[in-house]
Every structure is written in C-alpha cells, then in structure tokens.
Number of protein chains: 2
Amino acid sequence: METRALTARTSTESTRDIPEATVARLPVYLRALTTLCEAGTITCSSEELASAAGVNSAKLRKDLSYLGSYGTRGVGYDVDYLRYQIAREIGVTQDWPVVIVGIGNLGHALANYSGFRSRGFRVVALLDADPNRHEEVVAGVDVRPFDDLEQIVKEHGVAIGVIATPALAAQDVANRMVASGISSILNFAPAVLSVPEGVDVRKVDLSIELQILAYHEQRKTHGATA
Amino acid sequence: METRALTARTSTESTRDIPEATVARLPVYLRALTTLCEAGTITCSSEELASAAGVNSAKLRKDLSYLGSYGTRGVGYDVDYLRYQIAREIGVTQDWPVVIVGIGNLGHALANYSGFRSRGFRVVALLDADPNRHEEVVAGVDVRPFDDLEQIVKEHGVAIGVIATPALAAQDVANRMVASGISSILNFAPAVLSVPEGVDVRKVDLSIELQILAYHEQRKTHGATA
DNA sequence: AGGAGTTTGTGAACGGGAGAACAAACCGAG
DNA sequence: CTCGGTTTGTTCTCCCGTTCACAAACTCCT
C-alpha cells in the first residue's frame, strides 16, 4: 500500500537513497581517511577530516549521517572503522574487474595507473581494434582484439568498462559493451554517448576542464589587455 | 539603491555573471556545434543542438540566453555564428599557453592529446623534477627541469598549469606555480590542494569516477549475490 | 497583407543541496 | 554522582539549478 515497499531493503542496516552529491564526495573522504590512517591517526573530529578532504565540516557530518551514526559525540570518528564503513557503502571492499578499450596514449596511462588497483579496481583486459597493438603487453596485461570483449566480460563478470578511444569509435564501443553485459561506463572520449535505461555513464573530458578554467581566467584580466 | 550596481559592467555587450553550471556546459555546446559545422549544417534548432549535446532543450535555451539573443525565433541558431559567440565567451578564440608538470604516464598522454591544441590550448612546456627525463622530447616539446617554471611562465605569459605528478608532490608544485604567477590549475593528482584566494583549481580524479560508478553498480545487483 | 505554424527567450514553480545553528550525547574531573 | 567541555547528528533556512509552460517573434504560404 505504501511506497515504502520500494525503499525497504532486505539488509538490517544502511538507510538507502544517499544524495548524488554525497555519493560523489564519499571517495574523497575515503582517500582522506586512508591518508590519516597511514599517518597513524586513530581518531579524528569532523573538523579535521573536513579540512583534509577540503570541505565544510557541517557538510561532512551531514554526508556521513546518511550512512549511519558512526561517530561518537564528544570524541569524533574512529579513522579505521569509518574508513571501512565508507568503503563498504561505496562497494570497494572487494575488487571490481574492469576492461579498458582503446590503448592509445590515454589508455596506456590508465592501464599503468596504480590508483585503480589500490582503490578497489582490477584491470582484467586491454582491448584495441588495431591489430598492430595486439602484440603489446601493457602493465602486465596483453592487449587483445576488441572482438574478445564479450568473452572477457562473461568470463570475469565485468560490470564496468572504460572507453579511451577516439570520439568516432566511442558510441560503437559503448554499444558493444552494453550488448556484452556491461552496465557502467567511464567515458574519456569527447563524445556524447546514448545508452539504454539502466546503464550509467560518467564522462571525463580533459579539454572541457581547461576551457572552464580559461573562462574564469579571461574574467580575471577582463578589460586589461591593453 | 539597487544591487544593479554590482552587476553593471563597463562593456557594451555581454551580460555578465553566468551561472557556474552553465559555464560548465558551454564547452559541451561548443563541441556539438563544431561537429554540426563539420557535417555541413548551417542552422539548427535548440532541440537538435540539445540532443547533440545530451541535455534538455529548455536548459540549453536558458543557458544560451545568458550570453545574449543569438537565435532567431521560428528558425533556430546559425551554427557558425553561435559557435563563434560561445568560443568568444569562453575565451578560446585565441590560444592559451599551458605548462604541464609531471611527465609520467599521464603527463605523456596529456602532452600528446590533440584535443588541447584543437580547442584553444598550446602546451608550451613540459616540466619534471626527475633529471633522467630531461633528455626526452614528448610531442615535439622537450622536457625541462621543474626549476625552469618561473622563467617559462614569465616568458610565455602562462596563466594555466596542469599538475600530473604523484600526490605527494602536488602541493609543492601548486605553490611554485602560484608563486610564478599561474592563477588557474588543473589537478590530476589525487590530493587536495590549498591555494590562495583568486587562484582557481579544478580537479580530475580518475579513481573517484570509478568509485562513483561502483557505488551505483553495487545497487543494481543489491541482494542478488547468491 | 494576413494567418498558420514554428521556435526562441523567459517568468514562475519546484526540488535539492549548502551552511548555520542548536540540541543530544559522550568524556573526564572532582 | 554531578558538572563543564567537547563533538556529533539534525533541523531549518536560503540559494542555486532544473524544468514547465507560454508569450513574443519570425517564416512561409496563400
């Protein structure tokens, strides 16, 4: 009778529906906590953690409150405990298999990026349409033909794909990924992807970021071009 | 008596104070327009352009309205004219000199990325603290010692810097950049930078994007781990 | 010239996130 | 046990951004 049925979960814990803005900050908190942890810190206040993460302390506390009450009033948060809780909420307590398509300059860099491995992701395959690259071994993983995508996805249970191809190829790659069963895509190609309902796409665009900076930069020195 | 005094500008054109969310979308429109232009399209409606950019048409129209009235009712927008207007508003009608610090995997990829050159940016220098790299030439630009930063910035009038170093070095690099006169920073290092008032920092974090995808992915297959 | 059809530009309602401020809860000292 | 100091969790308010809906404006056809 109630809409509750939709939000009710089997689990005994975890209040669901975390705001999107909060979800985007959780990884930042996670990194800050890891840094604190490595520095030997046992406990920290919301003020300290907020400062380490570069956000407002009130915002931090509100964000954490969506996950539950993991702090202790008058004391603060247990660094290691909170770190685990956030990692669990995000889902990076165990590794996610990932495929990267497009082994150009950027693909190389991504394959070699150690931050993936250390933060819950494992590159299980590198794919490229160019046969000349199929001899290569990058970061300990050999480059394979793009047509192997479906088999690899099935074999490793891959849910997340990274697109690092030229813009023209991006939509085709996305289509094949979706057809193979991938339901989350990180797109580095400068192209707008259209995907079916239920598939998440996040886009990282290097030149757009620079253009945004250029806009503000232009403002700073507006009329003073002499 | 009115707050108008604050928003009034000397220029005869350009209504100022464009919302930040709009600024972030202008480069997307610019790219969509360029694509349309290359396809030979002369005119397009807000609906078409919005679809090409992957946004709502009402949002597109409102965004464009902040720049002025560049469309024609009953007709649409002149592709080439609008393209120029947006480029001018962003400030990419002429090239911005850019320095990249940290020539590891990612730095290499960035230096070779053709999208910068074609979108109003010119890499004038590659810097690295490691003397072993100073022999290298990447993308036609030779890698120079980090200590040359100030001289290069002065010489070329560089206002925008890109940080592609490990996390530990990022803050130091940022400090040196600011001291040299750079006032806009694009940071790829997984670290929170603190900079003085007036300096803009944008952050691109590869693993955070993946973590956000992982969160949603975990939801899709919530209790069905069987 | 006039009217039908089309598309822009914008006013207004709506929803979500940011930040301030405070009550509830915890620790430790006496 | 009580009290003062500290820090969390949460409520409330404000502001930005999104979206709807419609009037204004333009073209084309008759």
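Lettering of chains follows the sequences in order, A, B, ..., and the numbering in each one begins at 1. Computed from a prediction, not measured in an experiment: that's the story for all the values here.
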**Exercise: do B/T22 and B/D63 side chains pair donor with acceptor under 3.5 Å** = yes
**Request:** For A/Y84 and A/R88, test the side chains for any donor-to-acceptor distance below 3.5 angstrom and give the result as yes or no.
**Result:** no
Nearest whole angstrom, please: distance from the [atom2] of [N] to the [atom1] of [X].
X	N	atom1	atom2	result
A/K59	C/dG17	NZ	P	11 Å
A/Y66	D/dT10	OH	C1'	10 Å
A/K62	C/dA20	NZ	P	12 Å
B/L60	C/dT7	CG	C1'	12 Å
A/R61	C/dG19	CZ	C1'	10 Å
B/E47	C/dT8	CD	C1'	12 Å
A/D17	C/dG15	CG	P	16 Å
A/E20	D/dT18	CD	P	14 Å

**Minimum-distance nucleotide to A/A21 side chain [options: C/dG9, C/dG17, D/dT10]** = C/dG17
**Message:** With a 3.5 Å distance limit and no angle check, can you tell me whether A/E48 reaches the backbone of A/S45 through a side-chain donor-acceptor pair?
**Reply:** yes
**Item:** Result of checking B/I160, B/I163, B/V173, B/V101 against B/I185 for side-chain contact (heavy atoms from CB on, under 4.5 Å)
**Value:** B/I163
**Prompt:** Under the criterion side-chain contact (heavy atoms from CB on, under 4.5 Å), which of B/T41, B/T43, B/D80 is the partner of B/L36?
**Reply:** B/T41
**Pair B/E47 + B/R61, salt bridge at N-O below 4.0 Å** = no
**Prompt:** Do B/E38 and B/R31 sit within salt-bridge range, that is, some charged N less than 4.0 Å from a carboxylate O?
**Reply:** no
Does a side-chain N or O from [X] land closer than 4.0 Å to OP1 or OP2 of [N], or not?
X	N	answer
A/R25	C/dA18	yes
A/N56	C/dA20	yes
B/Y70	C/dT7	no
A/S46	D/dT7	no
A/S45	D/dT7	no

Below 3.5 Å is the cut-off: list the nitrogen or oxygen pairs between protein and nucleotides 25-30 of chain C, distance only.
from, atom 1, to, atom 2, distance (Å)
C/dC26, O4', A/R73, O, 3.3

**Toward the 5' end of DNA chain C, by each residue's nearest nucleotide, A/T22 or B/G71** = B/G71
